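Notes follow once the structure below has been shown.
Since the structure is predicted, the reported quantities are computational estimates derived from the model, not experimental observations. Throughout, a chain's letter reflects where its sequence line sits, starting with A, and its residues are numbered from 1.
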2 protein chains.
Amino acid sequence: MNTLAEENYLKSIYHLALSSANVSTNQLAALLKTKASSVTDMLKKLADKELINYTPYQGVNLTAAGEKIAVNIIRKHRLWEYFLVEKLNFKWDQVHDMAEEMEHISSNELIDRLDKFMGFPKHDPHGDPIPDCNGLVKTHHLEPLSSIVPGQHGTICGVRNHSTMFLQYLEKQSLTIGKKIKVAETIEFDHSMILQMEGKEIQISREVANNLLIAQ
Amino acid sequence: MNTLAEENYLKSIYHLALSSANVSTNQLAALLKTKASSVTDMLKKLADKELINYTPYQGVNLTAAGEKIAVNIIRKHRLWEYFLVEKLNFKWDQVHDMAEEMEHISSNELIDRLDKFMGFPKHDPHGDPIPDCNGLVKTHHLEPLSSIVPGQHGTICGVRNHSTMFLQYLEKQSLTIGKKIKVAETIEFDHSMILQMEGKEIQISREVANNLLIAQ
DNA sequence: TTAAATTTTTAGACAAGTCTAAATTTTTAA
DNA sequence: TTAAAAATTTAGACTTGTCTAAAAATTTAA
């Protein structure tokens with residue numbers, strides 16, 4: 001199959017391609033914490049394997065074959081995260097690094113059985129959709145909380161930042177997946193927001209509101 | 001921590017050391033399916049890290065630090081095998097290769113929680129003891145079935161050969177872990193045996209009897 | 001006990017993936 | 001539109017873990 005490094009590159013290209021059509025060498029270097037020159041080397045190899053379309057200086061995108069591999073890795077990552085939280089009682093801010101390792105366990109039979117064992121969950125602990133065994137991803141359309149106008153209601157369904165620090169902050173404020181909120185007021189000065197949740201008022205910064213994803 | 005290759009060498013040295021005090025370069029090369037020269041290179045590296053005692057031409061054994069790592073990997077391997085069989089309904093002949101990958105997932109917190117989740121099992125699906133979280137291995141003393149004399153009773157508690165072929169054969173004959181048997185007769189000509197199990201008679205070769213481990 | 005066989009190590013090479021430094025291409029902005 | 005800045009690629013080197021071939025040490029057996 002593919003090496004660990006190849007899988008990580010494909011996964012990173014997939015994630016970056018969600019927000020920019022052609023993924024640049026530097027974007028990848030930043031995400032993978034490596035050097036642009038190393039990225040170039042790997043892009044050539046992935047292009048040789050026809051997993052990406054690569055034109056020098058023009059960035060890359062995944063071929064159908066490359067996307068299939070990337071989605072499969074993301075499926076594994078999210079199912080293992082679900083397992084760690086739901087079965088082993090880890091917190092949602094503790095599971096990322098473990099899942100980064102577990103996503104490379106190769107057996108698809110294993111992951112399909114794990115999926116069944118857990119009752120075919122649709123979302124991981126951070127609200128991200130879990131691709132099904134055919135590679136189908138149900139990408140729900142969610143708004144950042146910052147774009148919700150005062151008076152409107154919504155449900156927290158995802159986060160845009162997965163850092164431990166942000167997740168721990170949210171946990172502390174009880175701003176977790178599934179919570180229903182109402183935007184009470186937005187402060188013009190700093191774009192902070194006052195929310196109503198479970199009868200209480202919570203004030204959050206624009207930064208936080210930008211990174212919380214809401215379904216209305 | 002240690003690389004994948006280093007972990008596999010330590011594990012192999014541990015397994016070989018169970019039957020021969022000093023493990024030879026060629027034994028390791030055979031088990032790891034690599035060349036003796038590659039083994040020598042790695043032994044130097046492990047000796048530098050003080051994980052093994054290595055004298056050129058004299059074979060190796062594990063230091064306390066090396067054994068601790070080896071036992072921890074074996075703990076992970078066996079707990080994951082138990083998980084695959086008990087929770088995901090794999091057969092005992094299907095889990096080895098998957099566990100070979102999973103044993104390298106680094107988190108000890110993860111494996112300790114997995115252990116708890118499964119109720120602290122004492123033996124893996126092949127009857128091998130699962131080391132506890134402190135690295136303690138309860139090595140039960142078992143006899144090969146071939147050394148049991150006619151008339152004696154016993155319980156199948158382990159296997160000496162873990163190959164898919166052998167495990168599938170045993171499954172087919174219902175010669176599985178926990179089964180109670182009685183040796184009815186041994187045939188002098190080829191050392192085959194006739195067993196009584198659950199009211200039926202089963203005839204097995206010396207080869208099979210040699211690889212079945214019995215508690216009396 | 002010594003010659004042959006076996007085991008082990010050494011020497012030199014290679015592939016994967018990374019790096020730094022330099023060269024090249026593209027983009028930006030005057 | 002062109003010079004400077006930024007992004008990207010190339011060149012050459014390094015590490016890990018492997019290999020083959022040859023040399024050295026150990027064991028076996030006559």
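Of the residues B:H77, B:H162, B:H126, the one that meets the ring pair (Phe, Tyr, Trp, His ring centres under 6.0 Å) test with B:H96 is B:H77.
Under a cut-off of 6.0 angstrom, the local environment of CD in A:E50 is sparse, with at most 12 non-hydrogen atoms contributed by other residues, nucleotides or ligands.
Between B:D48 atom CG and D:dT16 atom C1' the separation is 14 Å, expressed in whole Å. Taking atom NZ on B:K49 and atom P on D:dT15, their separation rounds to 15 Å, with Å as the unit. With rounding to whole Å, B:M42 atom CE is found 14 Å from C:dT9 atom P. To the nearest angstrom, C1' of C:dT8 lies 13 Å from CD of B:Q27. Protein atom CG of A:L43 is 11 Å distant from nucleotide atom P of C:dT18, rounded to whole Å. For B:N26 and C:dT9, the CG to C1' distance is 11 Å, given to the nearest whole Å. To the nearest angstrom, P of C:dT18 lies 12 Å from CG of A:L28. In this structure, CG of B:L32 is placed 10 Å from P of D:dC19, rounded to the nearest angstrom.
When distances run from any side-chain atom of A:S37 to the nucleotides C:dC19, D:dT18, C:dT8, the shortest one goes to C:dC19. Comparing atom distances between the B:Y54 side chain and each of C:dT9, D:dT18, D:dT9 picks out C:dT9 as nearest. Considering only side-chain atoms of A:Y57, the nucleotide from C:dT25, C:dC19, D:dC19 that sits closest is C:dT25. The side chain of A:D41 sits closest to C:dT18 out of D:dT16, C:dT18, D:dT18.
Within the cation-pi definition used here (under 6.0 Å to the ring centroid, within 45° of the axis), A:K122 does not qualify as a partner of A:Y82.
Projected onto DNA chain C by closest heavy-atom contact, A:Q58 and A:K35 fall at different nucleotides, the more 5' of which corresponds to A:K35.
Look at B:Y9 and you'll find a side-chain N or O under 4.0 angstrom from OP1 or OP2 of D:dT18.
In summary, B:K138 and B:D132 do not engage in a salt bridge, as defined by a charged side-chain N under 4.0 Å from a carboxylate O.
Ring orientation note: the planes of A:F83 and A:W80 are nearly perpendicular, at an angle over 60° on the 30°/60° scale.
B:T40 comes within contact range of at least one nucleobase, with a heavy-atom separation under 4.0 Å.
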